[in-house]
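In this text the structure is predicted, and so the values were computed from the model without any measurement. Note that ligands are numbered from 1 as they come in the structure, with each ligand's atoms numbered from 1 the same way.
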Amino acid sequence: MTDEIKKGLLGIVVDETTVSQVMPEINSLTYRGYAVQDLCEKCSFEEVAYLILNGNLPNSIQLNKFMKEERTNRNITINLREIITHVPKKAHPMDVVRTVVSVMGLEDKETVDNSPEANMRKAMRILAKTPTALAAFFRARKGKKIIKPKNKLSFSENFFYMCFGKVPQKEIVKAFDVSLILYAEHSFNVSTFTARTITSSLSDIHGAITGAIASLKGPLHGGANEEVMNMIKKIKTPNKAKNWLIDTLNKKQVVMGFGHRVYKSGDSRVPSMKKYFLKVAKIKKDKKLHKIYDILEKEMIERKNIYPNLDFPTGPTYHLMGFDTDFFTPIFVISRITGWSAHIMEQYASNKLIRPLSKYKGSKHRKVMLLNNR
Ligand code: CMC
């Protein structure tokens with residue numbers, strides 16, 4: 001045993017996983033051995049969700065069965081819909097989505113069954129219902145009528161439909177699908193490690209995902225995609241981007257959407273997402289977001305040798321699609337449910353209670369004085 005402290009568990013390998021890895025030989029994030037770029041071009045989000053949860057890509061029979069299970073589980077209870085319409089309109093949607101997963105845990109008929117089969121069924125229900133609950137809040141807080149899910153639509157199409165009442169053109173849906181594929185899994189990041197830590201005490205999947213959502217909310221993790229958009233809104237026009245960046249760096253402030261604990265010379269997910277961001281920008285006749293993007297990217301690499309992470313292209317893409325900025329991280333949630341669930345099931349299959357040590361630096365031993373003598 002060593003006394004050396006590794007703050008933030010920097011460089012510490014805590015367990016094994018078969019879910020995902022950054023493969024050095026292809027310099028890419030891979031899910032179950034497949035490069036994410038390859039998956040983005042050849043698969044739908046549903047195929048990738050199946051892959052992450054089951055370990056292999058589905059054939060068409062397996063995919064149809066999987067899609068049927070997801071589509072038939074989309075409805076939420078009247079009770080949950082009521083809760084969503086009664087939460088404060090100003091509540092952050094991440095707090096709402098954290099609450100709805102927790103409520104689903106109260107309502108699920110298999111909450112106490114932590115067998116692999118029950119966990120898979122519960123994972124599917126959380127995956128199917130969370131977008132419905134999120135879209136309900138998207139509309140309820142604007143005073144709009146909640147739209148029920150449509151079983152004929154794909155996962156991404158249905159989310160647009162429940163938020164906006166219509167499905168946009170297929171290029172926009174594809175861009176959204178790509179963002180979900182890229183957000184689906186990323187090994188032992190903070191939220192996944194949180195989910196695994198909760199699971200390690202043999203707690204249940206709803207609790208582990210609720211905790212993971214709380215962890216994802218922070219701006220150093222999932223919350224960065226919202227912060228990217230807030231930053232772009234502050235910059236306002238491309239001609240102000242360079243000076244804004246210089247000023248921010250001079251003040252030693254962090255530029256959101258840049259840098260990564262694992263990728264130090266570029267996030268392998270960014271080129272795929274940037275490609276679809278530019279397609280959406282073209283469709284939406286965007287005149288400034290993509291220009292601000294290019295300027296910040298170029299200047300950060302030249303001045304600091306720091307590259308964008310996935311949150312940099314997803315932020316403006318979601319904005320152009322019409323989503324409210326505070327819904328960006330909850331969208332990340334509806335995708336990452338797949339990765340979290342796979343890790344939770346992996347943790348169960350080979351569990352060891354996660355319980356690190358700390359180095360005590362508080363008061364020396366002292367005697368308790370009775371209240372009157374203190
Ligand atoms: N803007 C300005 N400087 C930066 C940035 C940035 N975005 N990222 C890193 N640096 C600097 C940092 O100031 C430090 O400089 P120095 O050595 O002079 O003190 C150096 O680069 C090393 O940074 P670090 O913070 O020690 O690196 P880390 O691996 O601990 O942090 C990070 C990674 C993601 C927390 C950090 O890059 C950051 O705060 N980025 C902005 C927030 C963000 O975009 N988060 C999303 C991460 S990707 C999605 C996910 O997986 O959750």
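- For Phe332 and Phe327, the ring centers are positioned 6.0 Å apart or more.
- Counting only heavy atoms of the protein, atom 2 (C) of ligand 1 lies nearest to Val255 N, 3.7 Å.
- For atom 27 (O) of ligand 1, the nearest non-hydrogen atom of the protein is Lys264 NZ, 3.8 Å.
- Contacts of Leu220 with ligand 1, taken as heavy-atom pairs under 4.0 Å, involve both backbone and side chain.
- Contact annotation for atom 47 (C) of ligand 1: protein present (non-hydrogen atoms, distance under 4.0 Å).
- Of all atoms in ligand 1, listed by their number and element, those nearer than 4.0 Å to a heavy atom of Ala224 are 43 (C), 44 (O), 45 (N), 46 (C).
- For His186 against Tyr263, the heavy-atom pair with the smallest separation is NE2-OH, 2.9 Å.
- In this structure, the protein non-hydrogen atom closest to atom 28 (P) of ligand 1 is Arg261 NE, 3.6 Å.
- For atom 24 (P) of ligand 1, no protein heavy-atom neighbour is found at a distance under 4.0 Å.
- Annotation: side chain of His206 is not in contact with side chain of Ser102 (no heavy-atom distance under 4.5 Å).
- Using a 4.5 Å cut-off on side-chain heavy atoms (C-beta onward), Tyr318 and Ser179 make contact.
- Side chains of Ser272 and Gln37: no donor on one and acceptor on the other come within 3.5 Å.
- A donor-acceptor contact under 3.5 angstrom links the side chains of Thr18 and Glu346, judged on distance only.
- Between Gln253 and ligand 1, no N or O atom pair is found at a separation short of 3.5 Å.
- Ring geometry for Phe312 against Phe258 counts as tilted: the plane angle lies between 30° and 60°, on a 0 to 90° scale.
- Not a single heavy atom of Glu227 sits closer than 4.0 Å to an atom of ligand 1.
- When only non-hydrogen protein atoms are considered, atom 42 (C) of ligand 1 lies nearest to Met256 SD, 3.5 Å.
- With distances taken over non-hydrogen atoms, the option nearest atom 34 (C) of ligand 1 out of Gly222, Pro308, Pro219, Gly259 is Gly259.
- Side chains of Glu107 and Thr77: a donor on one and an acceptor on the other come within 3.5 Å.
- For Asp311, the closest heavy-atom approach to ligand 1 falls below 4.0 Å.
- Within 6.0 Å of atom NZ in Lys233, more than 12 heavy atoms from other residues, nucleotides or ligands are found, so the atom counts as buried in its surroundings.
- Inside a 4.0 Å radius of atom 10 (N) of ligand 1 there is at least one protein heavy atom.
- Within a 4.0 Å radius of atom 7 (N) of ligand 1, the protein contributes one or more non-hydrogen atoms.
- In this structure, atom 18 (O) of ligand 1 has its sub-4.0 angstrom surroundings free of protein heavy atoms.
- Given atom 50 (C) of ligand 1, the protein heavy atom at minimum distance is His221 ND1, 3.5 Å.
- Phe323 has its ring centre less than 6.0 Å from the ring centre of Phe164.
- Taking the ring axis of Phe176 as reference, the NZ or CZ atom of Lys174 does not stay both within 45° of it and closer than 6.0 Å to the ring centre.
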Stepwise, does the salt bridge (Lys or Arg N to Asp or Glu O under 4.0 Å) test hold for Asp247 with Lys242? CA-CA 9 Å; Asp247 191 40; Lys242 185 172 170 183; over 6 Å; no
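- Those atoms of ligand 1 that come under 4.0 Å of a heavy atom in Met300, given as number and element, are 1 (N).
- Here the protein heavy atom with the shortest distance to atom 40 (N) of ligand 1 is Phe258 O, 2.9 Å.
- Of the options Val254, Val228, Asn305, the smallest heavy-atom separation from atom 41 (C) of ligand 1 is shown by Val254.
- The protein non-hydrogen atom at the shortest distance from atom 51 (O) of ligand 1 is His260 NE2, 3.5 Å.
- In terms of protein heavy-atom proximity, atom 15 (O) of ligand 1 is closest to Lys304 NZ, 4.8 Å.
- Under a 4.0 angstrom heavy-atom cut-off, Ile306 registers as being in contact with ligand 1.
- Ring pair Phe277/Tyr293 is tilted by interplanar angle, where 30° to 60° counts as tilted.
- Of all atoms in ligand 1, listed by their number and element, those nearer than 4.0 Å to a heavy atom of Gly257 are 43 (C), 44 (O).
- When all heavy atoms of Ala241 and Ile235 are compared, the pair lying nearest together is CA-CG2, 3.6 Å.
- Remark: atom 21 (O) of ligand 1 lies closer than 4.0 Å to at least one protein heavy atom.
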